[in-house]
Amino acid sequence: MASPGHRISATDHTELLTDVGPVPKHVGALLALDHADAAALLAALGSRLATIDRFSDRLLIPRNRLRRPSWRPDAGFDVDRHLAVVEVVDEPDAEQLIAAAVREATEPLPRDRPLWRAAVVAGPDGRAHGIVLTMHHVLADGLGGLAVLQRLVDEPPLPEPPLPVPAA
């Protein structure tokens, strides 16, 4: 990833300019879960997503539309503004999870904050049955989205063991 203040590529600029119409240019993913605790999952998601490059950066659109937008740190970044719980009425099956994912992924992302959101799909018992992650295409393409998913589902690395102190 490039440093904050880096202008988006010409291809990403085209993606942004052509993001018109009823279906936003988003990359979305649905992770099906086996009845996790929704509150604990939301907390874990927040802590992991907040550490990913670009997830705390905002796209600054210049007044001169011929210049490409650039990434800037979002001074008011709050990971909780990007997280939600989507409750379904019945115990969710695969069809309901997919329907929830489609609704989340096709909802436009607010342009006044970093261009992503994550939703935990919870059943009536408050248990999580899925995670829907939505990112604008300028934030992550298919491969970038896979890298983000890997950061979400992989165990964090274990701390390095301390080096032995040499005997005097």
Side-chain angles (χ1 to χ4, degrees), residues 1-33 38 41-88 92 94-122 128-154 156:
M1 296 269 169
S3 62
H6 183 272
R7 287 197 176 129
I8 65 173
S9 71
T11 302
D12 284 342
H13 193 204
T14 301
E15 289 286 341
L16 194 64
L17 291 172
T18 59
D19 187 4
V20 295
V23 179
K25 292 197 174 192
H26 292 168
V27 174
L30 168 63
L31 301 173
L33 303 172
L41 182 61
L42 209 55
L45 270 175
S47 67
R48 288 189 180 196
L49 288 168
T51 66
I52 296 175
D53 290 341
R54 286 281 177 261
F55 271 51
S56 61
D57 289 346
R58 217 178 130 197
L59 204 53
L60 180 66
I61 309 290
R63 287 191 181 133
N64 176 353
R65 302 285 289 185
L66 298 177
R67 291 185 51 213
R68 289 185 304 210
S70 59
W71 295 108
R72 303 289 173 164
D74 183 2
F77 178 70
D78 179 1
V79 72
D80 291 333
R81 292 179 69 197
H82 298 268
L83 302 174
V85 174
V86 175
E87 295 177 1
V88 292
E95 194 172 300
Q96 287 177 316
L97 284 175
I98 291 169
V102 168
R103 282 190 305 275
E104 285 296 309
T106 57
E107 182 69 28
L109 292 162
R111 297 287 175 103
D112 66 340
R113 62 186 79 161
L115 297 174
W116 66 273
R117 79 171 150 256
V120 171
V121 181
H129 296 269
I131 300 170
V132 180
L133 180 62
T134 306
M135 302 164 281
H136 196 283
H137 197 275
V138 297
L139 182 63
D141 58 10
L143 290 176
L146 289 174
V148 169
L149 291 176
Q150 181 180 9
R151 293 274 303 269
L152 288 182
V153 299
D154 282 354

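Note: hydrogens, waters and symmetry copies are ignored here, and every other heavy atom, side chains too, is used.
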Write down the atom of [X], the atom of [Y], and the distance for their closest heavy-atom approach.
X    : Y    : result
P114 : S56  : CG-C, 3.8 Å
V120 : A38  : CG1-CB, 4.2 Å
A119 : V86  : CB-CG2, 3.8 Å
L115 : L139 : O-CD2, 3.4 Å
L16  : P69  : CD2-CG, 3.7 Å
D112 : R81  : OD2-NH2, 3.8 Å

Is there a salt bridge (charged side-chain N to carboxylate O under 4.0 Å, His left out) between D12 and R7 once you walk through the steps? CA-CA 10 Å; D12 284 342; R7 287 197 176 129; over 6 Å; no
Below 4.5 Å, heavy atoms only, C-beta onward: do H82 and L133 meet side chain to side chain?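 When only atoms from C-beta onward are counted, L133 and H82 do not touch, as no gap falls below 4.5 Å.
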Rounded distance [0.5 Å steps], [atom1] in [X] versus [atom2] in [Y]:
X    : Y    : atom1 : atom2 : answer
L83  : L45  : CG    : CG    : 6.5 Å
L33  : H129 : CG    : NE2   : 9.0 Å
L17  : K25  : CG    : NZ    : 9.5 Å
R54  : W71  : CZ    : CH2   : 6.0 Å
H137 : T11  : NE2   : OG1   : 9.5 Å
L41  : L31  : CG    : CG    : 9.5 Å

According to the interplanar angle, ranging from 0 to 90°, do the rings of H26 and H136 count as parallel (below 30°), tilted (30 to 60°) or perpendicular (above 60°)?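 Rings of H26 and H136: perpendicular, over 60°.
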I'd like to know whether D74 forms a side chain to side chain contact (heavy atoms under 4.5 Å, CB included) with R113, so could you lay out the CA-CA distance, the side-chain angles of the two residues, the decisive distance to 0.1 Å, and finally the verdict. CA-CA 7 Å; D74 183 2; R113 62 186 79 161; 4.2 Å; yes
Evaluate side chain to side chain contact (heavy atoms under 4.5 Å, CB included) for V88 paired with V121, printing each intermediate quantity in order. CA-CA 7 Å; V88 292; V121 181; 4.1 Å; yes
Once salt bridge (Lys or Arg N to Asp or Glu O under 4.0 Å) is applied, what residue pairs with a partner in residues 94-108 remain, sequence neighbours excluded?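 Passing the test, one end in residues 94-108: E104-R117.
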Any side-chain to backbone donor/acceptor pair from W116 onto F55? Under 3.5 Å, distance only.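 Yes; at least one donor-acceptor contact below 3.5 Å.
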Please determine whether side chain to side chain contact (heavy atoms under 4.5 Å, CB included) holds for the pair V132 and T134, giving the CA-CA distance in whole Å, both sets of side-chain angles, and the decisive distance to 0.1 Å. CA-CA 7 Å; V132 180; T134 306; 4.0 Å; yes
